[in-house]
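Throughout, protein chains are lettered first and strands after them, A, B, ... in sequence-line order, and every chain is numbered starting at 1.
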Amino acid sequence: MIFGLCDVNNFYVSCERSFDPRLNGRPVIVLSNNDGCAVARSNEVKALGVKMGAPLHQIQHLVKQHNFAVFSSNYSLYADMSHRFEAMIEKYTPNIEKYSCDEMFFQLDGQEHRGNLGAYMRQMVQDIKRGLGLPVCVGLAPTKTLCKIANHYAKSLSVAGGVLTLFSEYNLKNALEILPVNEIWGIGRKHTEHLAKLGITTALQLRDAERKWIRKRFSVVVERTLMELRGVSCLELNEVAEKKKQIVCTRSFGEKTESQTVLREAIGYHVSRACVDLRSQQSVAKSITVGIRTNPFSKQDRQCVRSVTIELPYPTDNTCDFQAAATQALNRIYQTGYKYKKAGIMLNGLSDKGVVQYDLFHRHQPKDDAIMQVMDQINARYGKDVLRCGSQGFEATWVMNSNRKSPRYTTDWNDIIGAS
DNA sequence: TCTGGGGTCCTAGGACCC
DNA sequence: TCTGGGGTCCTAGGACCC
């Protein structure tokens, strides 16, 4: 079996460029929620030394000087492009794991490419470029971790055709010898520091280290990484997307607020979002955590970070139950005199809706399910939050900044190119 | 003035059980 | 001075990922 990884170069930026070719060759960045940081950068921007997650206000001089095109993130566009990207790969192999919106792992059994794997994959790369306007790179190797590395080199070396394979010991050795450990999938900042103290700074050194010794000093995770570098596959392809084990919804506010009403409305909004998500995967949740905080970067504001978890009497997927619990939670943590910047909620203890055990005194109300179903249907048809809980309010004074969003080219009739 | 959001897995340690 | 052993479940916290 052969593993492959196909990922889109600078995904969000490439989506924007796909619908506006004038952006090609021009420095482009896409901002995080609330227009805070640069979360996607074109190669021109990377070449200027702008780091992933750089706060916009810190790079304003470059933005002006080099005439960056700057976009707020347009998630409905990116999600739609992601689906199309996945569908294109499916034409080449049925065994796909959607690892993230812009990365697909897959497996090839050696039959479909008729002896010329490279050509088969280059064809796929071309197809995606032509069909979606997205530039992608492919890495092929015996393990997922090595695929990541092959993909990394395909991209950073601008390999012709966008496909790089890592199979022979000769190629592997050369690739791993010059790769710093922190570039390995699964080795982050802490592990890098720790490894450096042990004299391990390159991928090759990690691969050839003593397995038991690494296991003892780190954990099975790093041990697995080591084995994967040796070409022993320890990570399988997960083709079926598993259900989420927790659902989180948090947002910063466009402006700071001291008002409990505004906090309650923001939290109400997040609860609604999370519950729709919960029901769509046919789960119920046991508890909800509500959190609020001030701006941690602010020097002059007094800081306050609070959160509380409320256990529900029974696991449920009912928005109203969670709204009531959330309001109760907010009452417990809210304190006057602070300028709050962010609020969020988390649904925990998820389980399958069908298999929940209720006790003797629980009266399950089929009516509640019907109400939620109707609410989901109406909102799906007429727009989200047409029907909502009162606690969400109607003003949404807290909404984040998103001033530079591109049109929803593929998901809104009015924004389709050519529509008047 | 301005700094994102949403996840997963693993381990250690405590509570509890027989 | 003496105070078992083995197991499971749960949670908090750390580390990592995109």
Measure the acute angle between the ring planes of [X] and [Y], then classify it against the limits of 30° and 60° as parallel, tilted or perpendicular.
{"X": "A/Tyr99", "Y": "A/Phe105", "value": "perpendicular"}
{"X": "A/His66", "Y": "A/Phe68", "value": "tilted"}
{"X": "A/Tyr334", "Y": "A/Tyr340", "value": "tilted"}

Same-atom distance (C1') from B/dG4 to C/dC17, integer angstrom =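 Taking atom C1' in both B/dG4 and C/dC17, they lie 15 Å apart.
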
Could you please spell out the steps behind the salt bridge (Lys or Arg N to Asp or Glu O under 4.0 Å) verdict for A/Asp415 and A/Lys405?
-> CA-CA 12 Å; A/Asp415 288 350; A/Lys405 199 149 127 189; over 6 Å; no

Are side-chain heavy atoms of A/Val221 and A/His191 found at a separation under 4.5 Å?
->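 Answer no - side chains too far apart.
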
Would a distance-only check, ignoring hydrogens and angles, find a side-chain to backbone donor-acceptor pair under 3.5 Å from A/Lys98 to A/Glu103?
->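 No; zero donor-acceptor contacts below 3.5 Å.
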
Give a yes or no on whether A/Lys51 atom NZ has more than 12 heavy-atom contacts from other residues, nucleotides or ligands under 6.0 Å away.
->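 Atom NZ in A/Lys51 is not packed in, count stays at 12 or less.
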
Measure [atom1]/[X] against [atom2]/[N] and give the value in whole Å, please.
{"X": "A/His194", "N": "C/dA15", "atom1": "NE2", "atom2": "C1'", "answer": "13 Å"}
{"X": "A/Asn151", "N": "C/dC18", "atom1": "CG", "atom2": "P", "answer": "11 Å"}
{"X": "A/Tyr78", "N": "C/dC18", "atom1": "OH", "atom2": "P", "answer": "19 Å"}
{"X": "A/Ile184", "N": "C/dC18", "atom1": "CD1", "atom2": "P", "answer": "13 Å"}

Does [X] reach a base, just sugar-phosphate, or nothing at all? Heavy atoms under 4.0 Å.
{"X": "A/Ile59", "value": "nothing"}
{"X": "A/Lys98", "value": "nothing"}
{"X": "A/Leu31", "value": "nothing"}
{"X": "A/Asp102", "value": "sugar-phosphate"}

Tell me yes or no: between the side chains of A/Thr201 and A/Gln205, is some donor less than 3.5 Å from an acceptor?
->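 Their side chains do contain a donor-acceptor pair, which is all the 3.5 Å distance test asks for.
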
Under a cut-off of 3.5 Å for both distances of each Watson-Crick or G-U pair, what dot-bracket string does DNA chain B give, using [ ] for crossing pairs and | for inter-strand pairs?
-> ....||||||||||||||

Any chance you could list the contact pattern along nucleotides 1-14 of chain B? Use B for base contacts, S for sugar-phosphate-only contacts and - for none, protein heavy atoms under 4.0 Å, 5' to 3'.
-> -BBSSSSBSSS---

What donor-acceptor contacts under 3.5 angstrom involve side-chain atoms of residues 128-147 of chain A, with partners at least two apart or in another chain?
from	atom 1	to	atom 2	distance (Å)
A/Thr143	OG1	A/Leu146	N	3.2
A/Thr143	OG1	A/Glu228	O	3.0
A/Lys144	NZ	A/Glu97	OE1	2.7
A/Lys144	NZ	A/Glu236	O	2.7
A/Thr145	OG1	A/Glu228	OE1	2.6

